Engineer: 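First, the structure itself, so that you have it in front of you.
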Protein chains: 2
Amino acid sequence: MRDKSKLSERQRNILRFMESYIENFGFPPTIREIGEATNIRSTSVVNYNLNKLVQAGHLARLNRKSRGIRLTSQQPQPVRKARQQMRVPLVGQIVASAPLPIPEDMGHYPDPENAIEVSPALIGNTDPAEIFALRVKGDSMIDAMIQDGDIVLFRKQETASDGDMVAVWLEERGETTLKYFYREGERIRLQPAHPTLEPIYVSAAGCRVQGRVMSVIRTL
Amino acid sequence: MRDKSKLSERQRNILRFMESYIENFGFPPTIREIGEATNIRSTSVVNYNLNKLVQAGHLARLNRKSRGIRLTSQQPQPVRKARQQMRVPLVGQIVASAPLPIPEDMGHYPDPENAIEVSPALIGNTDPAEIFALRVKGDSMIDAMIQDGDIVLFRKQETASDGDMVAVWLEERGETTLKYFYREGERIRLQPAHPTLEPIYVSAAGCRVQGRVMSVIRTL
DNA sequence: ATTGTAAACGAACAAAAATTCTATGTCAAA
DNA sequence: TTTGACATAGAATTTTTGTTCGTTTACAAT
């Protein structure tokens, strides 16, 4: 699959040029630049050979992106991805007495200072941009089997499905709580994680879902 | 010259975005892409800030080249290192009725099938070879604020210091428990994590420390 | 000789992307 | 209050760049 010997002269040239160009400039060349460097007069021929190289597994391309050519050897993307970490912004604390401090725009470039590294497994295949983290302050979330200092990873969402653990702001009580969410006709049952505790019931209007708990991390 | 503190919020955002984009795609973003990612509506403003970053020495640009932006700071190595994941072998389950199934030799060749990826932060600077993971089965560890399905990361050790959360095998009761460890003269106090629960006391002989809890991971 | 196919060319076109221009708002100094 | 530097926005403009398409060449198979 990666046998360079099966490539044509031109294709080997292109590959070599790609390597040195990226080395020099930090970004890939254009089709025309490749053509000039390898003595190919026509962009379409360069394009043709680039596609051959993609077939051969040496390059990856992004359609219709300028300079959207990448050496596969330098970025073993699949491997890297699998072992890669996600940076999740740590945006504040959970306290019972206030709604979650949810950032409007979290971006995909969290500030290194206020971010934690997590394994992608913890957020499943959710878009990382929707994930944020909060540190639990105090023992108010003990019903949810979550203690002081734990870090909770949330997915930003305003609705929930049965069985989700969610953060809800209870209007009448003026507090935030983490419970399992079950819709029961008109009302909603919020079930604590701790098996001996009783559920509470609220009207759909009276509770505002703020996020779904994806995972909890405790470091001792 | 390279003092990030003198940069504006937007400029820091741009820099961070550049880093992650290049990391992901292998080539630099366009001005428009930078704008979208950092919530700047106007390409000219992005351009303006890019020029500022060039002045500040963080970027280099090539005029009239698409994606002709390059980070001057090229130390991907330390970053890369810091972002590595650890693979920790997941060697079995915790049940109250039996000692921990601790592997004699864990090696550093965790079976991909039975390993989990964790962030290095979770195990501090402990030698990764000493770390193993167990999945909690049942609600027997509820005193420790740990529930069914949680994954506990242990460091293999037979002794403990005050305040450590440890897994101990209680000879006379025939059970495994997770408690905070305190030496009190001849006897040992084992304190549940849950604040309302009472400690238990055992003799040093009657309890066998099996490992120290480094962290707990819960996925929902 | 004929046909089919891989490889090449160049021009035209369309899309992407950078640059430039004008206008507006902010804020501290004069 | 006025001024000017700085920062922002929106849009127009120009340049760069990728894609498509008709055509040609070389060569091996029929």
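Only heavy atoms go into these numbers, but all of them, side chains included; no hydrogens, no water, no symmetry mates. Just so you know, these numbers come straight off a predicted model, no measurement behind them. In what follows, chains carry the letters A, B, and so on, assigned in the order in which the sequence lines appear, proteins first and then strands, with residues in each chain numbered from 1.
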Engineer: In whole Å, I'd like the distance from the CG atom of Asn39(A) to the P atom of dC9(C).
Structural biologist: 9 Å
Engineer: Once you round it to whole Å, what is the distance between P of dC9(C) and CD1 of Ile34(A)?
Structural biologist: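 One finds 15 Å between P of dC9(C) and CD1 of Ile34(A), rounded.
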Engineer: Report the residues that fulfil side-chain hydrogen bond (donor to acceptor under 3.5 Å, both in side chains) with Arg189(A), sequence neighbours left out, ordered by chain and then residue number.
Structural biologist: Glu184(A), Gln191(A)
Engineer: Nearest whole angstrom, please: distance from the C1' of dC6(D) to the CG of Asn49(B).
Structural biologist: 11 Å
Engineer: Without decimals, in angstroms, what is the distance between Gln55(B) CD and dA5(D) C1'?
Structural biologist: 13 Å
Engineer: Please list all pairs passing the salt bridge (Lys or Arg N to Asp or Glu O under 4.0 Å) test where one or both residues lie in residues 205-220 of chain A, with sequence neighbours left out.
Structural biologist: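 Non-adjacent pairs meeting salt bridge (Lys or Arg N to Asp or Glu O under 4.0 Å): Asp150(A)-Arg218(A), Asp164(A)-Arg212(A).
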Engineer: To the nearest Å, give me how far apart CZ (Arg41(B)) and P (dG10(D)) are.
Structural biologist: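 Interatomic distance, CZ of Arg41(B) to P of dG10(D): 6 Å.
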Engineer: OP1 or OP2 of dA9(D) less than 4.0 angstrom from a side-chain nitrogen or oxygen of Arg10(B), does that happen here?
Structural biologist: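 Answer yes for this pair, as a side-chain N or O of Arg10(B) is under 4.0 Å from OP1 or OP2.
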Engineer: Starting at atom CG of Leu7(B), determine the distance to atom P of dC6(D), rounded to an integer number of angstrom.
Structural biologist: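 Between P of dC6(D) and CG of Leu7(B): 16 Å.
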Engineer: Once ring pair (Phe, Tyr, Trp, His ring centres under 6.0 Å) is applied, what residue pairs with a partner in residues 136-167 of chain A remain, sequence neighbours excluded?
Structural biologist: Phe132(A)-Phe154(A)
Engineer: Mind checking side-chain hydrogen bond (donor to acceptor under 3.5 Å, both in side chains) for Glu186(A) and listing every partner two or more places apart, or none if nothing turns up?
Structural biologist: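 Glu186(A): no side-chain hydrogen bond (donor to acceptor under 3.5 Å, both in side chains) contacts found.
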Engineer: Is it the case that the side chain of Arg67(B) and the backbone of Ser66(A) share a donor-acceptor pair, with hydrogens and angles ignored and the cut-off at 3.5 Å?
Structural biologist: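 Flag set: sc Arg67(B) to bb Ser66(A) pair under 3.5 Å.
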Engineer: Could you pull out all residues at least two apart from Tyr21(B) that satisfy ring-ring contact (aromatic ring centres under 6.0 Å, His included)?
Structural biologist: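 With sequence neighbours excluded, Tyr21(B) shows a ring-ring contact (aromatic ring centres under 6.0 Å, His included) to Phe17(B), Phe25(B), given in chain and number order.
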Engineer: Protein within reach of the bases, or only the backbone? For nucleotides 18-29 of chain D, mark each nucleotide 5' to 3' as B, S or -, using heavy atoms under 4.0 Å.
Structural biologist: BBBB--------
Engineer: Mind calculating the distance between CD (Glu36(A)) and P (dG10(C)) to the nearest angstrom?
Structural biologist: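 In whole Å, dG10(C) P lies 13 Å from Glu36(A) CD.
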Engineer: For Glu33(B) and dA17(C), give me the distance from atom CD to atom C1', rounded to whole Å.
Structural biologist: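 Nearest whole value for this atom pair: 10 Å.
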